[in-house]
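Order of the sequence lines sets the chain letters (A, B, ...), proteins ahead of strands, with each chain counted from 1. Just so you know, these numbers come straight off a predicted model, no measurement behind them.
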There are 2 protein chains.
Amino acid sequence: MSSYKHKKVISIGTVNELTGLSLRQIRYYEERILIYPERTKRGTRKYSFSDVETLLQIADKREEGVQTYEIRKDLQSSNKGKVMERMLRGQLNAHFRMNK
Amino acid sequence: MSSYKHKKVISIGTVNELTGLSLRQIRYYEERILIYPERTKRGTRKYSFSDVETLLQIADKREEGVQTYEIRKDLQSSNKGKVMERMLRGQLNAHFRMNK
DNA sequence: CGTGTAAGGAATTCTGACACG
DNA sequence: CGTGTAAGGAATTCTGACACG
């Protein structure tokens, strides 16, 4: 759950190299609540590999002309999908434990 | 193989927070060839989660009073172990493929 | 040997704003 | 709406060196 993929350790300049997005764009997508970087005590943003993946998805959508508002909805529903999946898996595990 | 664990994206300040080691120590262990950060075009060091794990091991050894030279040998032999393991696994896979 | 520190320079990141459209 | 840019300040990182032991 709290694996390397989700640890916030990448600075914005590196995210720029990884995604090809400008610093302005990366900050703007945060402003539009599409990503959630953490802040160090000093205030610099830190991103996870998961954030980088999301940014890559955002870049694709933007190229198709999709607006940030729509992209946010898409991201949220795909997240809802993951949560549902996790809940179902939990139910399944409980079921099989009972019949083990 | 080239997963998130081995991608060099963490700057030295973040490694310091993750490991508790001083910048001086982190740089010194590189000088002693215990870790291998990459460099950006500008020259700043970038570390992977794998490097962070190695640094944690180094810190433990150092507390026991082990010298960097000895630690390097330990790290190399444990790496040799991993390589051997990978080779064996390759052999096993080949074997079972033949008898599938 | 391993680590601290002061030194000076170069690149990074931050915010708020103006611009274009 | 989405993105570029110039602006000024603050913190980061780098290297080579002196210090202690």
inquiry  = Could you tell me if B:D51 and B:S48 have a donor-acceptor pair between their side chains, going purely by distance under 3.5 Å?
reply    = yes
remark   = Here the distance between atom P of D:dT12 and atom NZ of B:K46, to the nearest Å, is 13 Å
query = Between A:T68 and A:L34, is a side-chain contact (heavy atoms from CB on, under 4.5 Å) present by the stated rule, with each step listed?
reply = CA-CA 8 Å; A:T68 56; A:L34 302 183; 4.1 Å; yes
message = Side chain of B:R62, heavy atoms from C-beta onward: which of C:dG4, D:dG4, C:dT3 has the nearest atom to it?
response = C:dT3
request  = Would you confirm whether B:E70, through its side chain, and B:Q67, through its main-chain N or O, come within 3.5 Å as a donor-acceptor pair?
outcome  = no
key: D:dT12 phosphate, OP1 or OP2, under 4.0 Å from B:R42 side-chain N/O   = no
task = Tell me which of A:T14 and A:R24 sits closer to the 5' end of DNA chain C, going by the nucleotide each one is nearest to.
result = A:T14
key: Check: B:Y29 and B:Q25 side chains under 4.5 Å, non-hydrogen atoms   = yes
task = For B:L23 and C:dA7, give me the distance from atom CG to atom C1', rounded to whole Å.
result = 16 Å
key: Under-4.0 Å side-chain N/O to phosphate OP1/OP2 contact, A:S11 with C:dT13   = yes
remark   = The dot-bracket string of DNA chain C, counting Watson-Crick and G-U wobble pairs with both distances under 3.5 Å, using [ ] for crossing pairs and | for pairs to another strand, is .||||.||.|.|.||.||||.
ask   = What do the steps show when you test A:Y47 against A:I26 for side-chain contact (heavy atoms from CB on, under 4.5 Å), and what is the final call?
value = CA-CA 10 Å; A:Y47 302 83; A:I26 299 170; 3.3 Å; yes
ask   = Distance check: side-chain N/O of A:Y28 vs OP1/OP2 of D:dT3, anything under 4.0 Å?
value = no
query = What nucleotide, of D:dC14, C:dT3, C:dC14, holds the atom closest to the side chain of B:R39?
reply = D:dC14
request  = Among D:dG4, D:dT15, C:dG4, find the nucleotide with the atom closest to the side chain of B:Q25.
outcome  = C:dG4
message = Without decimals, in angstroms, what is the distance between B:I26 CD1 and C:dG4 P?
response = 10 Å
task = Rounded to the nearest angstrom, tell me the gap between atom NZ in A:K41 and atom P in C:dC14.
result = 15 Å
query = Mapping B:T44 and A:R45 onto DNA chain C by nearest heavy atom, which one lands closer to the 5' end?
reply = B:T44
message = One pair to check against side-chain contact (heavy atoms from CB on, under 4.5 Å): A:L75 and A:I58. What are the steps and the verdict?
response = CA-CA 9 Å; A:L75 290 173; A:I58 295 172; 4.3 Å; yes
task = Using atom CD1 of B:I58 as one end and atom P of C:dT3 as the other, report the distance to the nearest whole Å.
result = 10 Å
message = Side chain of A:I12 only, heavy atoms from C-beta on: which candidate in C:dG2, C:dC14, D:dG2 is closest?
response = C:dC14
request  = Rounded off to whole Å, could you give me the CD-to-C1' distance for the A:E30 and C:dC14 pair?
outcome  = 11 Å
query = Has A:Y29 got a side-chain N or O lying under 4.0 Å from the OP1 or OP2 atom of D:dT3?
reply = yes
inquiry  = Please report the distance, rounded to the nearest Å, between CD in A:E38 and C1' in C:dC14.
reply    = 18 Å
request  = Consider only side-chain heavy atoms of I, L, V, M, F, W and Y, link residues closer than 4.5 Å, and tell whether B:V9 and A:L23 are in one cluster.
outcome  = yes
key: d(CZ, A:R27; P, C:dT13) in whole Å   = 8 Å
ask   = Is there a side-chain contact between B:V52 and B:T19 (heavy atoms, below 4.5 Å)?
value = yes
